[in-house]
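Letters A, B, ... are given to chains in the order of the sequence lines, protein chains preceding strands, and every chain is numbered from 1.
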Number of protein chains: 2
Amino acid sequence: MSQVEKVGDLAVSVGYLLKQTATALHASMDAVLRPQGLTVSQYSVLELLGHEPEQSNADLARGAFVTRQSMNEVLRGLQDRGLVARADVAEHGRARPTRLTPAGSEALAGASAAVARVEKRMLSPLSTAEHTALVARLIACRDALTDDGAPTGGDAAR
Amino acid sequence: MSQVEKVGDLAVSVGYLLKQTATALHASMDAVLRPQGLTVSQYSVLELLGHEPEQSNADLARGAFVTRQSMNEVLRGLQDRGLVARADVAEHGRARPTRLTPAGSEALAGASAAVARVEKRMLSPLSTAEHTALVARLIACRDALTDDGAPTGGDAAR
DNA sequence: CATTGTGTGTCAGGATGCTGACATGAGTCA
DNA sequence: TGACTCATGTCAGCATCCTGACACACAATG
């Protein structure tokens, strides 16, 4: 009974399935966003700003699970295309809050609809009860990993 | 009723939770594998070879959700450290099957045990029934995305 | 036998994201 | 006030992974 534990069958490994499903979702999102001229990272920023305006570069980086440096480049791309706007000078600290432009809101509307269709397709085999149960269990797994142990990503906890 | 759909609250969005959970798992795996001198990608290869020996570079690339080119570099690293071995000449086509060396099997044993502990921690809040239900629903979501729509990743379907 | 198609390994170039480092602005506290 | 801590934005260098392209090996087909 003091057997050494190891990872079992990959076909039913939660870790492997998580990676597979997340990869499939990313690919599907990329497929519908690219025709709209957006990458998944860029869409993530627009979506985050749509839910909570006036976020700083660091805020957005944490929300999208990347570093401030990477987010900076994503924001530059969106800014050059006029989809987001940043204050030229910081109001308070060094943070220069970013907000959606009208063009950005319009792009977000189209992209969000497309992504919603992808999510709907992903969840189509699940009943409403199964859907909510899945959400609850993903939250439980995420919290079990992050409550103590390792950081979630980005560089906020390094 | 012709309302335009959009992505809802991020805190209960399956897509966002999937990304969060997968990121947290990846970070936790990295934290336990790095002390053993392995990256997550390298561990993935060892694990795949442990389950199914004699896989080609392309097979492993598909299994690890990366391109053949990326997998080639991972394999080169493992080969230089003597953890895997590849035939110098192809037996059949151009494929040169890779297999674990004794040192590779030993490294895999330690790494797999560490990863199993991470998975166990992740699943600790779930009952056995919830665990199996989670697996079934992740499979359902993955298949719903990949059965028709977009490819799963890598370059196999581009 | 020649042709076509599919799968594989590999090279070159580039895009993306990360680590490390530094300077700036704000809050805290002796 | 001055020292300290913390969060932010940014620069430089590097690692990783990808796209595009090509050559080879085999199977199927005429």
(message) Using 0.5 Å steps for rounding, measure from the CG atom of B/L33 to the OH atom of B/Y43.
(response) 7.5 Å
(request) Report the distance from atom CD of A/Q79 to atom C1' of D/dG9, rounded to the nearest whole Å. (result) 13 Å
(request) Ignoring backbone atoms, test whether A/S41 places a side-chain nitrogen or oxygen under 4.0 Å from the OP1 or OP2 oxygen of C/dG17. (result) yes
(message) Taking 4.0 Å as the cut-off, does a side-chain nitrogen or oxygen of A/S70 come that near to OP1 or OP2 on C/dC18?
(response) yes
(message) Under the rule for side chain to side chain contact (heavy atoms under 4.5 Å, CB included), what residues qualify as partners of B/P53, not counting sequence neighbours?
(response) none
(message) Rounded to the nearest 0.5 Å, what separates atom NZ in A/K19 from atom CG in B/L25?
(response) 10.0 Å
(request) Apply the test side-chain hydrogen bond (donor to acceptor under 3.5 Å, both in side chains) to residues B/S41 and B/S44: give CA-CA distance (whole Å), side-chain angles for both, the deciding distance (0.1 Å), then the verdict. (result) CA-CA 5 Å; B/S41 296; B/S44 301; 5.8 Å; no
(request) Indicate yes or no for a side-chain donor-acceptor contact from A/S13 to the backbone of A/D9 under 3.5 Å, with no hydrogens or angles considered. (result) no
(message) Using OP1 and OP2 only, check whether a side-chain N or O of A/T67 sits under 4.0 Å from C/dC18.
(response) yes
(request) With sequence neighbours left out, write down each residue that passes side chain to side chain contact (heavy atoms under 4.5 Å, CB included) with B/R99, or none if nothing qualifies. (result) B/E54, B/A85
(request) Grab the CG-P distance between B/D30 and C/dG17 for me, whole Å please. (result) 18 Å
Below 3.5 Å between N/O atoms, which protein atoms pair up with nucleotides 7-14 of chain C? Just atom names and distances, please.
residue, atom, partner, partner atom, Å
C/dT8, OP2, B/R62, NH1, 3.1
C/dT8, O2, B/R94, NH1, 3.4
C/dG9, OP1, B/R96, N, 3.4
C/dG9, OP2, B/A58, N, 2.9
C/dG9, N7, B/R68, NE, 3.4
C/dG9, O6, B/R68, NH2, 3.3
C/dT10, OP1, B/R96, NH2, 2.6
C/dT10, OP2, B/N72, OD1, 3.3
C/dT10, OP2, B/N72, ND2, 3.2
C/dT10, O4, B/Q69, NE2, 3.3

